[in-house]
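Here is how names work: the chains are called A, B, and so on, in the same order as the sequence lines, proteins then strands, and each is numbered from 1.
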Amino acid sequence: MESTIMKKERKGLVLFSEYKRGEGIRKALEVGRENILFELKSSKLKGRGGAGFPTATKWMLTAAAISEEKFLVCNADEGEPGTFKDRVLLMEYPELVFDGMVIGGYTIGAKEGIVYLRGEYEYMLKSLEDYLEQMRKDNLLGNKILGKKDFNFDIKIRLGAGAYVCGEETALIESLEGCRGESRNRPPYPVNTGYNNRPTSVNNVETLASVPHIVLKGGDWYMKVGTDKSSGSKLFSVSGDCNKPGVYEMPWGTSIRELLKVVEAENTKAVQVGGASGICIPESQFDRKLGYEDAATGGSIMIFNKNRDMLHILKNFMEFFVEESCGQCTPCRIGNVKLLEGVEMMEKGEFTFDYIEKLKDLGSTMQVASKCGLGQSSPNSFITILDNFKDEILNKRGNGAA
Amino acid sequence: MKKDKTSRTPVSQQPFEVEKPTDTNTIGGTVSIEINGEKMHVPLGTTILEACKEKKVHIPTLCHHEDLCVAGVCRVCVVEVEGFKTLQAACAFPITSPIKIKTSTPLVRKARRYVIDLLLSEHYGECYSCIRNQNCELQDLAHEYGVDGYTFGHVSKPTYEKDTSSYSVIRDMSKCILCKRCVRTCIDLQEVGVLEAIDRGDKTHISTFMEKPLADVICINCGQCINRCPTAALHANDPSDEIWEAIDNPKKHVVIQTAPSPRAAIGECFGLEAGHSMTMELNTALKRIGFDGVFDTNFTADLTIFEEGTELIIRLKKALVDKDASVKLPQFTSCSPGWVKYIEHFYPEYLDNLSTAKSPQQMFGAIFKTFYAQQKGIDPKDIVSVAVMPCSAKKFECNRPEMNSSGYKDVDYGLTTRELAKMIKEAGIFLPEMPKSHFDSPFGDASGAGLIFGATGGVMEAALRSVIEFVTGNKTEDIFANANILPLRGFEGVKYVELPIANVGPVPEILKHLVPSWDFLKGATLKVAVAHGTANAKKIMEDIKAGGKFSECHFIEFMACPGGCIGGGGQPIPTTPEIRKKRAEAIYGEDSSLEMRKSHENPHVIKIYEDFFKEGPCGHLSHKLLHTHYTKRGKFIA
Ligand SMILES: Cc1cc2nc3c(=O)[nH]c(=O)nc-3n(C[C@H](O)[C@H](O)[C@H](O)COP(=O)(O)O)c2cc1C
Ligand code: SF4
Ligand code: SF4
Ligand code: SF4
Ligand code: SF4
């Protein structure tokens, strides 16, 4: 198989800025744990997997947990519809991701790193393995990395089995342990009780890829980009109705309107920020800014132009959740079915406004009562699409039906 | 969190082990919390549910069960915890820091109501035609939350085909609410692992390996899953219609035997607190229903002690005197059909250790269709024999093809405690009001030794009461006050007792032809063990495999169900450690109130050896009628 790791000439502010393999690790081993954590903390780096938990805190908690064995897991499940930025990082910038893992392993005191790779990315496996082998040869993995005594760390890659929920960190751990992909109860949290009951830090590919830059160039450098609450840059996977779909690095705080311009989208009716589990933003709100404090996203941006049927889009999302719920808890397993049924009723024009309101209320209950992030976020699109496109969906079809 | 190496329970379903306190507010291992504004201190790691229970704040639950590890999946127990954006499952939240909990806010009530509404929307069935009507946790919840309509619709057709393949357990997945109690029961409590959630999303359902019928997989029929199912999705295979038909048929002579555990528990089906034995009231009720003979399974429990005890003595003599290396020790008890099927599947290489003695139920069945038929002058084909058992596996056992050595099926129907209670109600009888009456002759009342078979350790205690007296010639009371062998009692998973035999007495008449003298036992130490629940049985079996201390035992009692038969899969629902304890107390209480408390003192048993099994225990006829053989099943599923 021909190598899938390729160097595209991407240029960017932060992630896509200059980096030479191993430099971050070297610096990290030089300055030591405390300084790494200090820089991370001052960078205000937050998790890029969606939840936005401060990475420094997660690593501090894992580092502080007392255990002979700890694990660092790289979450490369990338299952959110419309996201493909982790794939780009792994294929084009493996040095960032893997150096980030080594630094993470060193910081939290893990000897083993595990990449949980989305099943559909199996084609990358060989090149990634080759890449790791080269790192071993160059003493960037294995025993006494770069001569540092007492620092042994290696990385293995495990393939996922193709369930969306397995991107959720505790379901991912269950899956790694050979169980059904179902999320766990929290507390306890993975930082205490993770893989094999050991303290485990699960980090998104992009989060890890940011770390070598921060260690090398400092937290302040990182903070210069983005907003106060959302520091640094973000990779956006842009798809849908635009001329230039693809992966873009942009500072946090970029407005949707700005982004649409860059990707050359015209005649846009709505932008789905954050994938199927994200929120749907209508034209009137295009000045909203991408960032944890406003329109948060793990990276997925889907653009819909004025020819699109919003109800149809919503139906696709709901069908996705009905299938992808792990089926464990009641609100998500059955709730999503009810929301989908509601969409079907609206399609046929056979509904009452009261019932649709009831379903929205059910959705907001699912957001707080579901066991994991999947069921907590699956009603987002239902609620925002119905709120923002009420005229199109309800009034048009509802005529006479109510 | 603990993860037992042998357990296959997913970590998410195992109980929490709480981290050491790191917070200064958690001094002395307790945390101060607030529930609905009221302050209290709880030990670190207490769940919100437990804390609320202590404060008498009722939190509804469905997937939670005292016997099982936490799941946190039904979401009906959600509460508000200050500082959390989402609601938290009270059953799954171990308290490790000072928190403020609110249990009845509008948001909480709405969430619970929606969860119930959602469950009902997919739940096929109408309560009035349901086996769990009036004893169903889903129904209770709907009632508690004032459900008066189907907010999100209601399925009008069954969603799954019923699985009626098993003699013991019927699966009606259209009534399943996916609480996974059965999964946790089977894999965690019993460590059998028949059931698991299959598929995901809206297709999620509980099923078996490759979705095979239950009869074709490694189910041991213990019915523990039934006892913990909150709805009617799992229930026993009920033969009461056939039994009514037999009773109503004047040509049929219908006899019934009752085991001790149903008698200690059936009162619960009539609203009594657990722990009231209803033996004599039940006798009257059964006669009024129309059974032609009402007998005590303890009679054949006493007989079992003779047969199984003799078998043990023969094995010991062969091993110790004849130095016969082919003899298998320890001898395992064989009266729990769930255990028998478990060992057939999981440890088929140890089947030779299993006593060949049939269970008391089956022995009685064989006697009804032979000795009893002769005595009464009835054609055995006209006898219908029914056994009231605490057990669902007994239904499978009586249908084993080998259980017809008389030429007729030993036992025609195995009836559970729950099913019998239903029949009694149907006959218009309120059991607690029945006058007392005795068992019918010719078998009469049995010993207390047979009675305690119902609780874990009871078979071993019954056996030792006789073995001690047979071998040493002394009274059991000389060693154990009131002949209560306390080290064998209680609910510890595995019990182990050593009994040194300092001196031996004369060999009793009934055994003389088998062993001329006890000298070979002089100075020996008898080692016995007891396990209840197949998870505990597995511990012993693995130890034996590894050549550990249990491989040195002489005799081991195994019961498939937690607590022994009193916790059987046919017993009244619900079951909890507390309820099982009370049932056991009822049994031990009844035993100590009896005059005759040792199997070998039962005059009816001695008489049947004189009149019928003339060659004595383990003789030819008893081998034909009272002993059986087993099947190496293995774990391979065709
Ligand atoms: C249903 C669901 C799917 C998820 N899928 C992913 C995923 O594919 N990749 C990912 O990095 N995080 C995913 N997450 C978030 C993870 O649970 C977790 O928060 C993240 O991996 C932590 O890494 P971070 O702190 O670097 O963001 C998912 C969460 C949920 C609830
Ligand atoms: S919210 Fe959905 S995915 Fe998460 S545990 Fe519940 S059923 Fe599973
Ligand atoms: S299982 Fe419970 S709720 Fe369902 S029909 Fe039966 S009694 Fe009613
Ligand atoms: S009867 Fe016992 S073995 Fe069979 S499924 Fe139920 S719990 Fe498992
Ligand atoms: S069969 Fe019963 S115990 Fe098992 S998941 Fe369904 S409702 Fe729960």
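- In this structure, the side chain of B:Thr86 does not engage the main chain of A:Ala369 through any donor-acceptor pair within 3.5 Å.
- Of the listed residues (B:Val73, B:Thr204, B:Val115, B:Leu62), the one with the most heavy-atom contacts under 4.5 Å to chain A is B:Val73.
- The residue among B:Cys179, B:Ala197, B:Ala111, B:Gly153 with the most heavy atom pairs within less than 4.5 Å of chain A is B:Ala197.
- Side chain of B:Arg200 to backbone of A:Gly181: no donor-acceptor contact under 3.5 angstrom is found.
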Checklist line | side chain to side chain contact (heavy atoms under 4.5 Å, CB included) assessment of A:Asn185 paired with B:Val70 | finding: CA-CA 9 Å; A:Asn185 290 303; B:Val70 167; 3.7 Å; yes
Checklist line | side chain to side chain contact (heavy atoms under 4.5 Å, CB included) assessment of A:Leu362 paired with B:Leu118 | finding: CA-CA 10 Å; A:Leu362 170 67; B:Leu118 288 174; 3.9 Å; yes
Next item on the list: Report the C-alpha distance between B:Leu119 and A:Arg333 in whole Å, list the side-chain angles of each, state the deciding distance to 0.1 Å, and finish with yes or no for side chain to side chain contact (heavy atoms under 4.5 Å, CB included).
Entry: CA-CA 10 Å; B:Leu119 288 173; A:Arg333 181 184 68 245; 3.9 Å; yes
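- Counting heavy atoms of neighbouring residues, nucleotides and ligands inside a 6.0 Å radius, atom CD of A:Glu112 exceeds 12 of them.
- Around NZ of B:Lys110, the count of heavy atoms belonging to other residues, nucleotides or ligands within 6.0 Å exceeds 12.
- B:Ile198 touches chain A through its backbone: at least one of N, CA, C or O sits under 4.5 Å from a heavy atom, while the side chain does not.
- Of the two parts of A:Tyr355, only the side chain, counted from C-beta on, holds a non-hydrogen atom closer than 4.5 Å to a non-hydrogen atom of chain B.
- For the atom pair CG of B:Leu107 and OG1 of A:Thr365, the computed distance is 6.5 Å after rounding to the nearest 0.5 Å.
- Under the 3.5 Å distance criterion, the side-chain polar atoms of B:Arg75 are left unmatched by any main-chain donor or acceptor of A:Pro331.
- Under a 3.5 Å cut-off, the side chain of A:Lys338 and the backbone N or O of B:Phe152 do form a donor-acceptor pair.
- Per-residue counts of heavy-atom pairs under 4.5 Å with chain A were compared for B:Val78, B:Leu178, B:Asp117; the largest is that of B:Leu178.
- Proximity of B:Gln88 to A:Arg186: side-chain heavy atoms (C-beta onward) are nowhere separated by under 4.5 Å.
- Annotation: side chain of A:Asp361 is in contact with side chain of B:Tyr114 (closest heavy-atom distance under 4.5 Å).
- If you measure heavy-atom distances from A:Ser325 to chain B, the contacts under 4.5 Å come from both the backbone and the side chain.
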